[in-house]
Amino acid sequence: MKKMIDLANKYRPTTLDSFVGQSHIISKDKTLYKLIKQKDIPHLFFYGKPGTGKTTLAKIIAREISSDYHYFNATTFKIEDLRKVFDRYKNSFIKPLIFIDEVHRLSKNQQEVLLPIMENYDATIIGASTENPFFTLTSAIRSRSFLYEFLPFTYNEMERILNIVLKDIDITLSNEAKEYLIYSSSGDARAMLTLLNFSYKANQEISLNTLKELRANVIGDGVSSSSSHYDLASAMIKSLRGSNVDAALYYMARLIDGGESVDFITRRFVIFASEDIGNANPNALNLASSTMQACNKIGYPESRIILAQCAIYLASSPKSNSAYKAINKALEQIKNGKIIDIPKHLDSQHIGYLYPHDFGGYVEQEYLKEDLKLYNSLDIGFEKTLSEWIKKIKNEN
């Protein structure tokens, strides 16, 4: 029997230069990299999919800044244990690095205990979470720290990690087995090395069948050698926008087959319904929202049918981005300094305000002191009806 090796830990990178992935936050030209090298870092919270290097980077940072590293998991986190750590450093020049995994599981009271520590920098706090900290951490915690999203490893990054292992261990791996090993791990390096680990324990020559016996289906968000799930999502949205039903269904099927969550797909449907269809068919937003709710309740495999129904409807709907363009134009005007005073009759005192219902539903009065022309109807689908309604309301016909 082969001696068991924990490949994920054995080949965990120990320096910034050996760290693979997350180049959008930790490459040499990035601010965080420079702060680490200067040994002067802020409180940090990393969030993203499992196996993307959050814990690994925290350990590297501790080593780089020559700090003592203390690991806590929020599922078993006790304030007393944290206080014991601080008592140990009361009269020390060393500032410890406290890493808290699963930080989204911290209660509000536990988060409040961290505040004075973070405020006084008695320790450097790094947290990791698979959930978005904008929804799980208090605003007080977020204001004292910087948040970084860890993306799933790309196919090339996964291949780099795998090749490091294969160069060191005598493993026979066919091309199709290697492809499946990477593809089925969905950007999760730990999942990839775990599958390799147990496959190697069973047989030094690893076949595709061996891998599939241990992992029959792709996990998480699908990533392939030819395109990531973001590329597939982009192709799906562009196909919906181009009213190509078959293409939209195909790319969506690729996402489903790759293990993409219904939440990821339906969020994009809801955004698309408003951004690209808008009031040309207002019901598209209702259907997309209902699809999100239904799919999150039901899950796979049945959700594929609901997703297909919604995709066909969205692709077949008339398209208008007039609402999208109008709000962007309004925000641009404001950012460029266009701050217009509110007419007196529209403010909270409403002195001189004419109540439209007292005039049959419409009365002429000033609403903006300057005509901005933000919204331009494309007169497509139901949007044309809305334009006609406005004209009728204002007696412009």
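Here, residue 1 is the first one in the sequence, and each next residue gets the next number. From a predicted model like this one, the values you see are computed outputs, not experimental measurements.
Listed by chain and number, the residues in a salt bridge (charged side-chain N to carboxylate O under 4.0 Å, His left out) with Arg83 amount to none (sequence neighbours excluded). Remark: Lys297 pairs with no residue by the side chain to side chain contact (heavy atoms under 4.5 Å, CB included) rule, at least two apart or across chains. Shown here are the side chain to side chain donor-acceptor pair (under 3.5 Å) partners of Lys39, two or more places apart in sequence or in another chain: there are none.
Annotation for His345: atom NE2 counts as buried by contact number, over 12 foreign heavy atoms lying within 6.0 Å. The environment of Tyr180 atom OH is dense: over 12 non-hydrogen atoms of other residues, nucleotides or ligands sit within 6.0 angstrom. Under a cut-off of 6.0 angstrom, the local environment of NZ in Lys28 is sparse, with at most 12 non-hydrogen atoms contributed by other residues, nucleotides or ligands. Atom NZ of Lys325 is surrounded by 12 or fewer heavy atoms from other residues, nucleotides or ligands within 6.0 Å. Heavy-atom neighbours of Phe146 CZ from other residues, nucleotides or ligands within 6.0 Å: at or below the threshold of 12. Atom CD of Gln365 has more than 12 heavy atoms from other residues, nucleotides or ligands within 6.0 Å. Around NZ of Lys37, the count of heavy atoms belonging to other residues, nucleotides or ligands within 6.0 Å exceeds 12. Open room surrounds NZ on Lys212; 12 or fewer heavy atoms of other groups in view lie less than 6.0 Å from it.
Checking side-chain atoms of Lys329 against main-chain N and O of Lys373 turns up a donor-acceptor pair under 3.5 Å. With Asn163 contributing its side chain and Glu159 its backbone, the two residues share a donor-acceptor pair below 3.5 Å. Listed for the Ser243 side chain is a donor-acceptor partner under 3.5 Å among the backbone atoms of Ala315. With Gln333 contributing its side chain and Lys338 its backbone, the two residues share no donor-acceptor pair below 3.5 Å. At distances below 3.5 Å, at least one donor-acceptor pair connects side-chain atoms of Arg215 with backbone N or O atoms of Ala191. Under the 3.5 Å distance criterion, the side-chain polar atoms of Asn336 are matched with a main-chain donor or acceptor of Glu332.
For the residue pair Lys391/Ser387, the side-chain donor-acceptor check at 3.5 Å is not satisfied. The closest side-chain donor-acceptor pair between Ser320 and Glu383 falls under 3.5 angstrom. Checked by atom type, the side-chain pair Asp263/Ser261 shows no donor-acceptor distance below 3.5 Å. No side-chain donor-acceptor contact under 3.5 Å links Thr55 and Arg12. Of the N and O atoms on the side chains of Glu179 and Tyr155, at least one donor lies less than 3.5 Å from an acceptor on the other residue. Ser207 and Asn209 form no side-chain donor-acceptor contact under 3.5 Å, judged by distance and modelled atom types alone.
Leu106 shares a hydrophobic cluster with Phe45, Tyr47, Phe72, Phe77, Ile79, Leu82, Val85, Phe86, Tyr89, Ile94, Ile98, Ile100, Val103, Val113, Leu114, Leu115, Ile117, Met118, Ile125, Phe134, Leu137, Ile141, Leu147; the chain of contacts runs through ILVMFWY side chains whose heavy atoms sit under 4.5 Å apart. Using a 4.5 Å cut-off between side-chain heavy atoms of Ile, Leu, Val, Met, Phe, Trp and Tyr, Leu346 falls into a hydrophobic cluster with Ile342, Tyr353, Tyr355, Tyr367.
Here the shortest heavy-atom pairing between Phe99 and Ala58 reads CD1-CB, 3.3 Å. Taking each heavy atom of Ala330 and Leu374 in turn, the nearest pair found is CB-CD1, 3.6 Å. Heavy-atom minimum distance, Leu314 versus Ala284: CD2-CB, 3.9 Å. Between Tyr300 and Ile265 the shortest heavy-atom distance is OH-CD1, 3.8 Å. Taking each heavy atom of Ile206 and Ala177 in turn, the nearest pair found is O-CB, 3.8 Å. Between Lys319 and Leu240 the shortest heavy-atom distance is CE-O, 3.1 Å.
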Residues Asn156, Thr154; criterion side-chain hydrogen bond (donor to acceptor under 3.5 Å, both in side chains); working and verdict:
CA-CA 5 Å; Asn156 289 336; Thr154 65; 5.3 Å; no

Output, in order, the C-alpha distance, side-chain angles, deciding distance and verdict of side chain to side chain contact (heavy atoms under 4.5 Å, CB included) for Met158 and Leu162.
CA-CA 6 Å; Met158 294 281 278; Leu162 179 59; over 6 Å; no

Assess the residue pair Asp246 and Tyr250 against the criterion (side chain to side chain contact (heavy atoms under 4.5 Å, CB included)); give the C-alpha distance rounded to whole Å, side-chain angles, the decisive distance to 0.1 Å, and a yes or no.
CA-CA 6 Å; Asp246 290 336; Tyr250 171 77; over 6 Å; no

Please step through side chain to side chain contact (heavy atoms under 4.5 Å, CB included) for the pair Asn283 and Phe382, ending with a clear verdict.
CA-CA 10 Å; Asn283 194 52; Phe382 194 77; over 6 Å; no

May I have the step-by-step check of side-chain hydrogen bond (donor to acceptor under 3.5 Å, both in side chains) for Thr15 and Asp17, ending in yes or no?
CA-CA 5 Å; Thr15 65; Asp17 292 335; 5.5 Å; no

Just do the side chain to side chain contact (heavy atoms under 4.5 Å, CB included) check on Ser289 and Leu285 with the steps written out, would you?
CA-CA 6 Å; Ser289 299; Leu285 181 57; 4.1 Å; yes

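Looking at Thr52 and Gln22, their side chains come closer than 4.5 Å, going by heavy atoms from C-beta outward.
Ring pair His43/Tyr121 is parallel by interplanar angle, where below 30° counts as parallel and above 60° as perpendicular.
The salt bridge (charged side-chain N to carboxylate O under 4.0 Å, His left out) pairs that include a residue from residues 101-127 are Glu102-Arg105, Glu119-Arg144, where partners are two or more places apart or lie in different chains.
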